[in-house]
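Quick note: numbers below take in every heavy atom, side chains included, and nothing from hydrogens, waters or symmetry partners. Proteins come first, then strands; the chains are lettered A, B, ... in the order of their sequence lines, and each starts at number 1.
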Protein chains: 2
Amino acid sequence: MKQKQFPSTHPGRASSHPERTQLQEATVAGVRNPSLAEKRREQICDAALELFLQKGFASTTIRDICARSGVNQASIYDYISNKNDILRRLLNQLWFSSGAPSLPDLLAEHPENTLQENVAFYLKEFWSKRRKGTLLAYRTVPHLTKEDRKAMRARDEQFISRLAESIEDLTHLPENDPRTLIVANLVLFMANFGPLRDWLHQDLDNDMVADTVAAAIVAMIENLARYSPEQSESPSIQD
Amino acid sequence: MKQKQFPSTHPGRASSHPERTQLQEATVAGVRNPSLAEKRREQICDAALELFLQKGFASTTIRDICARSGVNQASIYDYISNKNDILRRLLNQLWFSSGAPSLPDLLAEHPENTLQENVAFYLKEFWSKRRKGTLLAYRTVPHLTKEDRKAMRARDEQFISRLAESIEDLTHLPENDPRTLIVANLVLFMANFGPLRDWLHQDLDNDMVADTVAAAIVAMIENLARYSPEQSESPSIQD
DNA sequence: TGTTTTGCCTGACAAATGTCAGCAAATTGT
DNA sequence: ACAATTTGCTGACATTTGTCAGGCAAAACA
């Protein structure tokens with residue numbers, strides 16, 4: 001109940017994993033029953049997410065979260081170790097393990113579709129499954145530690161380099177051409193387009209936006225391929 | 001010194017201007033000398049901006065701002081009326097009157113350049129002149145009032161519809177085709193690309209990114225033009 | 001039924017925060 | 001040099017905040 005126990009007090013331990021694939025969650029020993037603890041943590045995180053998106057992290061109080069989740073102000077510390085811990089747990093589930101697909105996987109699994117179709121599908125999935133994660137991440141950067149930011153960037157860069165490889169294949173650009181990286185960045189960025197802009201713009205049809213953006217991405221990639229050194233004439237992008 | 005005087009206590013007055021073109025700044029009568037007041041306000045805003053971007057709005061305290069700007073904790077209220085007022089003043093100068101050019105103007109003033117050159121120039125200017133404004137805006141949304149958000153959106157939408165008109169001209173798409181609007185949105189969004197992503201990615205050459213993004217935008221627009229109903233064969237985009 | 005365990009909650013504390021009253025210091029005008 | 005005005009500042013206020021100690025009731029167990 002009272003005694004919390006912090007993870008990896010061994011200082012050398014954390015850095016033995018060179019790339020952490022998640023953010024460190026404090027282990028809290030307030031409540032014995034693990035399934036109950038999990039259930040409460042879910043309540044807490046659900047409430048916190050809504051509030052963080054609505055009012056921002058810093059001006060959401062523990063009292064707000066308790067009121068909304070129905071958990072008592074004292075009890076909450078039996079399930080989470082502090083306010084930042086809630087944020088980390090949220091990012092773990094929304095940023096690191098959101099159900100959003102990856103474009104390279106999609107291309108490999110559905111070669112029967114055109115590039116444009118696959119990209120459009122990818123965008124729609126991403127926008128619906130990662131909306132909140134993206135919003136939360138972009139808005140709470142200042143409240144994250146340097147290490148957490150680094151872990152998040154690492155995750156993104158992993159996506160991006162896989163994407164860059166795909167683009168390399170599509171365009172036949174050489175491996176060291178930085179433009180594949182840039183375009184990969186751009187694609188990921190456009191995948192964020194919906195969530196990030198929705199505070200500004202909510203009156204456009206989502207599917208049509210996705211289709212237009214997909215067309216734009218395809219045009220981008222085709223344009224890159226057109227100036228590839230290996231194939232200067234209309235390369236075969238359609239797979 | 002002590003007496004503050006708040007603007008437009010007449011409730012009906014503010015809404016007589018249908019589109020406010022800035023955010024409401026409280027008039028503070030603490031200090032008589034207007035140039036001194038302006039100088040102090042600048043100190044305060046400069047310090048506040050750095051801190052807001054570093055630590056976020058809510059967790060930056062008035063004491064932080066005072067320490068950094070050299071203004072006394074009590075005196076600060078002789079120059080600004082409250083913490084939110086600082087944010088509004090910052091957004092007024094960084095969002096509403098940043099020196100960033102508009103792409104339609106650029107196209108009109110420099111018809112001797114290619115579309116790609118103009119777009120690339122636009123992006124570089126935007127990224128350098130509007131970087132902080134964009135970051136600040138996107139991160140502080142939750143702390144703005146509904147009216148303020150509306151005013152900011154209005155500003156953006158004004159840009160976007162002018163841009164959509166330009167794209168209409170370039171692509172010869174009909175006026176009611178929503179894709180021009182979507183592409184205009186995308187262009188503005190990509191103009192935000194640099195600032196927003198720099199917490200994730202700082203190791204790419206800025207100019208090369210701008211050139212590649214410009215190429216992507218041009219490809220997007222050409223692609224749109226290619227399927228325009230009026231000109232189905234390679235339309236003349238180069239001006 | 002009596003005891004022990006487990007989860008919940010009332011109440012509170014120390015620290016931090018936005019805000020300012022009222023006075024001291026400096027500047028200005030004469 | 002003096003008075004009047006303008007600016008700067010010490011110190012403090014009421015609140016809000018994150019966090020928890022310690023007790024209480026219900027459930028599990030004997």
Side-chain angles (χ1 to χ4, degrees), chain A residues 1-6 26-45 47-48 51-52 55-90 140 142-143 145, chain B residues 1-6 26-45 47-48 51-52 55-90 140 142-143 145:
Chain A
M1 207 71 155
K2 301 292 115 78
Q3 66 288 26
K4 318 284 158 79
Q5 131 195 3
F6 286 89
T27 54
V28 184
V31 155
R32 244 51 87 93
N33 181 343
S35 78
L36 173 65
E38 206 38 58
K39 188 180 127 199
R40 291 270 180 279
R41 261 192 276 271
E42 234 170 82
Q43 286 177 51
I44 293 168
C45 286
L51 291 166
F52 289 167
K55 321 175 37 173
F57 175 77
S59 43
T60 296
T61 74
I62 289 282
R63 284 166 173 81
D64 290 335
I65 298 173
C66 291
R68 179 154 188 150
S69 66
V71 174
N72 184 271
Q73 268 192 55
S75 305
I76 199 173
Y77 287 96
D78 293 338
Y79 304 104
I80 51 101
S81 90
N82 56 49
K83 205 176 138 187
N84 275 275
D85 189 39
I86 304 180
L87 180 56
R88 270 193 292 271
R89 282 172 199 275
L90 280 172
T140 55
H143 306 286
T145 65
Chain B
M1 208 72 153
K2 299 295 112 78
Q3 66 288 23
K4 319 285 157 80
Q5 130 193 5
F6 286 88
T27 54
V28 184
V31 155
R32 245 48 91 94
N33 180 343
S35 79
L36 173 64
E38 207 39 58
K39 187 180 128 203
R40 290 272 180 279
R41 261 193 274 272
E42 235 170 82
Q43 287 176 52
I44 293 168
C45 286
L51 290 166
F52 289 168
K55 322 176 31 171
F57 175 77
S59 43
T60 296
T61 74
I62 290 281
R63 283 166 174 82
D64 290 336
I65 298 173
C66 291
R68 178 154 190 150
S69 67
V71 175
N72 184 272
Q73 271 190 54
S75 305
I76 199 174
Y77 287 95
D78 292 337
Y79 303 103
I80 51 99
S81 89
N82 56 48
K83 206 175 138 189
N84 275 276
D85 189 39
I86 303 180
L87 179 56
R88 271 192 292 271
R89 282 173 199 275
L90 279 172
T140 55
H143 306 286
T145 66

Specify the separation, in whole Å, of atom [atom1] of [X] and atom [atom2] of [N].
{"X": "Tyr79(B)", "N": "dC20(C)", "atom1": "OH", "atom2": "C1'", "answer": "15 Å"}
{"X": "Leu36(A)", "N": "dT5(C)", "atom1": "CG", "atom2": "P", "answer": "19 Å"}
{"X": "Asn33(B)", "N": "dG8(D)", "atom1": "CG", "atom2": "C1'", "answer": "14 Å"}
{"X": "Asp78(B)", "N": "dC23(C)", "atom1": "CG", "atom2": "P", "answer": "16 Å"}
{"X": "Ile86(B)", "N": "dG18(C)", "atom1": "CD1", "atom2": "C1'", "answer": "11 Å"}

Rounded at 0.5 Å granularity, tell me how far [atom1] in [X] sits from [atom2] in [Y].
{"X": "Asn82(B)", "Y": "Ile62(B)", "atom1": "CG", "atom2": "CD1", "result": "8.0 Å"}
{"X": "Phe52(A)", "Y": "Cys45(A)", "atom1": "CZ", "atom2": "SG", "result": "8.5 Å"}
{"X": "Arg88(B)", "Y": "Ile80(B)", "atom1": "CZ", "atom2": "CD1", "result": "10.5 Å"}
{"X": "Thr140(B)", "Y": "Leu90(B)", "atom1": "OG1", "atom2": "CG", "result": "9.0 Å"}

Exercise. Name the closest nucleotide to the Asn72(A) side chain, picking from dT10(D), dT7(D), dC9(C).
Key: dC9(C)
Self-check item: N-O pairing of Glu38(B) and Arg41(B) below 4.0 Å
Solution: yes
Filtered N/O pairs between nucleotides 12-19 of chain D and protein, under 3.5 Å:
residue: dG18(D); atom: OP1; partner: Lys83(A); partner atom: NZ; Å: 3.0
residue: dG18(D); atom: OP2; partner: Ile62(A); partner atom: N; Å: 2.8
residue: dG18(D); atom: N7; partner: Arg63(A); partner atom: NH1; Å: 2.9
residue: dG18(D); atom: O6; partner: Arg63(A); partner atom: NH2; Å: 3.1
residue: dT19(D); atom: OP2; partner: Tyr77(A); partner atom: OH; Å: 2.7
residue: dT19(D); atom: OP2; partner: Lys83(A); partner atom: N; Å: 3.4
residue: dT19(D); atom: O5'; partner: Tyr77(A); partner atom: OH; Å: 3.3
residue: dT19(D); atom: O4; partner: Gln73(A); partner atom: OE1; Å: 3.2

Quiz prompt | Residues Gln43(B), Arg40(B); criterion side-chain contact (heavy atoms from CB on, under 4.5 Å); working and verdict | solution = CA-CA 5 Å; Gln43(B) 287 176 52; Arg40(B) 290 272 180 279; 2.8 Å; yes
